[in-house]
Number of protein chains: 2
Amino acid sequence: MRAALTAETIMLATEDVLRRYGPGKATVVDVARALGVSHAAVYRHFPSKSALREAVTRRWLGRAHEELAALATDADRPPPGRLRAWLIALYAAKRHAATTDPELFATYRVLAQENSAATAEHVTALLHQLAGIIAAGLASGDFAGDDPAALARTVFEATAAFHHPAHVAEWGGPDRDDALADVCALVLRGLRTAG
Amino acid sequence: MRAALTAETIMLATEDVLRRYGPGKATVVDVARALGVSHAAVYRHFPSKSALREAVTRRWLGRAHEELAALATDADRPPPGRLRAWLIALYAAKRHAATTDPELFATYRVLAQENSAATAEHVTALLHQLAGIIAAGLASGDFAGDDPAALARTVFEATAAFHHPAHVAEWGGPDRDDALADVCALVLRGLRTAG
DNA sequence: CAGATTACAGATTTCAAGATCTGTAATCTG
DNA sequence: CAGATTACAGATCTTGAAATCTGTAATCTG
């Protein structure tokens, strides 16, 4: 007897298919073939191909959040250093994902261009972590200002070159780590004085 | 008698053809047709299609520089305000170009993805203007630091979301002007203290 | 009847052909 | 002989028919 067909197993198979064929070529028929079922069976668990693609990407992005969440809530480290470490880890995670899992990253990139709910949630989750670090900095007096959420969004925008998927092509280049360090330094100086 | 075939007239015709068909469909045969000459005549003035495309884009970008150069060298305005005005004008110029001349902007975007010499020069020119403003700020004591070129690059990176062509899709959205104002404010606060 | 399958219509994609394009060379013309 | 044209080979693009895919509905099965 075959294992029960669940949303979970479908998403696992979809990840494999996406990794193998990429977002442009992967079809739900491919997914069904990989599972040894008819494609209509897949539609019992996901209302559409794009919903399936979103669910898979959401899971994939969720795994990345966990690592970063640990850094964001590390109360042992003073907020400025924590912010710097978080931004560097975010960049490292994105670059790592882009190089080791290019097809899933490409899927994510497609969803980002389409303003999907999955990527919106991803951004929201990251902004929430960022706001937490900044709120800690405001509380400790390391940062100046009064709206951690707004400051988080601004810091996120200012570092877009190091996490926005549209910039993947640049992440391979030399001096990118130094460039991020410089932007971090500038941003941290900006956060220290009144906003 | 027909006007002499010069690089200038070829570039003008190419601009029209690019505007009409976009970078994906425009061919040098189209350009030659528009000029009423054979396509081989075009190859007498430009070594390749991509060289022609680059030349046209370089000219187009050059026109944008001129406006900004006036702002960058406006000694009447104190450097912080000048920097803010310059960044806002840069964003406005890019957004305007993207909306009023979408096909030429698309051409520019293609070249940017291909790391062409034309776009590299464009970036260099912008960084030069930016470094000029920052150098003025360092001289006046409004900014702290010792390397205007490095600071210029850092400011440029931090504002990528508002001038990098990969972000066009976002420029239409609401609150983009506010977002830029916030990033400008953060960057300016960062520049004021020692770097 | 929950969960899967087959069947199907309309949209999208593939594929091979022919057409068009790029870039070069040989040729023409004033 | 400067400046253009025609001619051409190989690469790329169009085109339309066949295949495949998406999503739904009707049907089967334990």
Side-chain angles (χ1 to χ4, degrees), chain A residues 1-58 103-104 106-107 109-111 113-114 116-118, chain B residues 1-58 103-104 106-107 109-111 113-114 116-118:
Chain A
M1 147 193 184
R2 189 183 313 292
L5 185 63
T6 64
E8 182 71 16
T9 53
I10 292 173
M11 286 193 283
L12 283 170
T14 305
E15 250 189 62
D16 285 345
V17 169
L18 279 171
R19 253 190 274 270
R20 175 106 69 110
Y21 299 112
K25 297 257 205 164
T27 72
V28 352
V29 170
D30 289 329
V31 172
R33 248 197 301 267
L35 290 163
V37 301
S38 71
H39 78 279
V42 172
Y43 280 93
R44 174 162 300 281
H45 296 269
F46 295 93
S48 70
K49 177 185 182 172
S50 71
L52 175 54
R53 225 171 34 174
E54 279 217 18
V56 169
T57 305
R58 184 175 284 119
E103 302 295 9
L104 279 187
T107 305
R109 194 144 50 121
V110 169
L111 293 193
Q113 273 177 329
E114 291 169 356
S116 78
Chain B
M1 148 199 184
R2 189 183 313 293
L5 185 64
T6 64
E8 182 70 16
T9 54
I10 292 174
M11 287 193 282
L12 284 171
T14 305
E15 250 189 62
D16 284 344
V17 169
L18 279 171
R19 253 190 274 269
R20 175 107 69 110
Y21 299 113
K25 297 256 205 163
T27 72
V28 352
V29 170
D30 288 330
V31 172
R33 250 198 299 268
L35 290 163
V37 301
S38 70
H39 77 279
V42 172
Y43 280 93
R44 175 161 300 281
H45 296 269
F46 296 93
S48 70
K49 178 185 182 171
S50 72
L52 174 54
R53 224 170 34 174
E54 278 217 19
V56 168
T57 305
R58 194 183 325 258
E103 301 296 9
L104 280 186
T107 306
R109 194 144 50 118
V110 169
L111 293 192
Q113 272 177 331
E114 292 168 355
S116 78

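Every chain is numbered from 1 and lettered A, B, ... according to where its sequence line falls, protein lines coming before strand lines. Heavy-atom basis, side chains included; hydrogens, waters and symmetry copies ignored.
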Just list the side-chain donor-acceptor pairs under 3.5 Å for residues 38-48 of chain A, sequence neighbours left out, or say none.
unit_1, atom_1, unit_2, atom_2, d
H45(A), NE2, L5(A), O, 3.2
S48(A), OG, S50(A), OG, 3.4
S48(A), OG, A51(A), N, 3.1

ask   = Hey, can you pull the residues of residues 10-18 of chain B with a non-hydrogen atom under 4.0 angstrom from DNA chain D?
value = none
query = Rounded to the nearest 0.5 Å, how far does CG of L35(A) lie from CG of L12(A)?
reply = 9.0 Å
note = Sorted by chain and residue number, the salt bridge (charged side-chain N to carboxylate O under 4.0 Å, His left out) partners of E15(B) (sequence neighbours excluded) come out as R19(B), R59(B), R63(B)
query = For E114(A), which residues count as a side-chain contact (heavy atoms from CB on, under 4.5 Å) partner, sequence neighbours excluded?
reply = R53(A), V110(A), L111(A)
query = How long is the line joining CG of L35(B) and P of dA4(D), in whole Å?
reply = 11 Å
inquiry  = How many whole angstroms separate atom OH of Y21(A) from atom C1' of dT13(C)?
reply    = 15 Å
task = Return the 5'-most residue of the pair T6(B), G24(B) with respect to DNA chain D, ranking by each residue's nearest nucleotide.
result = T6(B)
Throw together a table of side-chain donor-acceptor distances under 3.5 angstrom for residues 20-31 of chain A, partners on residues two or more places apart or in other chains.
unit_1, atom_1, unit_2, atom_2, d
T27(A), OG1, V29(A), N, 3.3
T27(A), OG1, D30(A), N, 2.9
T27(A), OG1, D30(A), OD2, 3.1
D30(A), OD1, R33(A), NH2, 2.9
D30(A), OD2, T27(A), N, 3.1

query = Who pairs with R58(A) by side-chain contact (heavy atoms from CB on, under 4.5 Å), at least two apart in sequence or on another chain?
reply = E54(A), A117(A), A118(A), E121(A)
For nucleotides 19-29 of chain C, which of its nitrogen or oxygen atoms have a protein nitrogen or oxygen under 3.5 Å away, and what is each distance?
unit_1, atom_1, unit_2, atom_2, d
dT22(C), OP1, V28(B), N, 3.1
dT22(C), OP1, K49(B), NZ, 3.2
dT22(C), OP2, V28(B), N, 3.0
dT22(C), OP2, V29(B), N, 3.3
dG23(C), OP2, Y43(B), OH, 2.8
dG23(C), OP2, K49(B), N, 2.7
dG23(C), N7, H39(B), NE2, 3.2
dG23(C), O6, H39(B), NE2, 3.0

key: Candidate pair V56(A) and T107(A), rule side chain to side chain contact (heavy atoms under 4.5 Å, CB included), full reasoning   = CA-CA 9 Å; V56(A) 169; T107(A) 305; over 6 Å; no
ask   = Which stems does DNA chain C form, counting runs of 3 or more consecutive Watson-Crick or G-U wobble pairs with both distances under 3.5 Å?
value = C:1-30 with D:1-30
task = List in chain and number order the residues that pass salt bridge (charged side-chain N to carboxylate O under 4.0 Å, His left out) with R109(B), two or more places apart in sequence or in another chain; answer none if no residue qualifies.
result = none
ask   = Closest to the S38(A) side chain: dA4(D), dT14(D), dT6(C)?
value = dT6(C)
ask   = Could you give the CG-to-C1' distance, from L52(A) to dC21(D), as a whole number of Å?
value = 14 Å
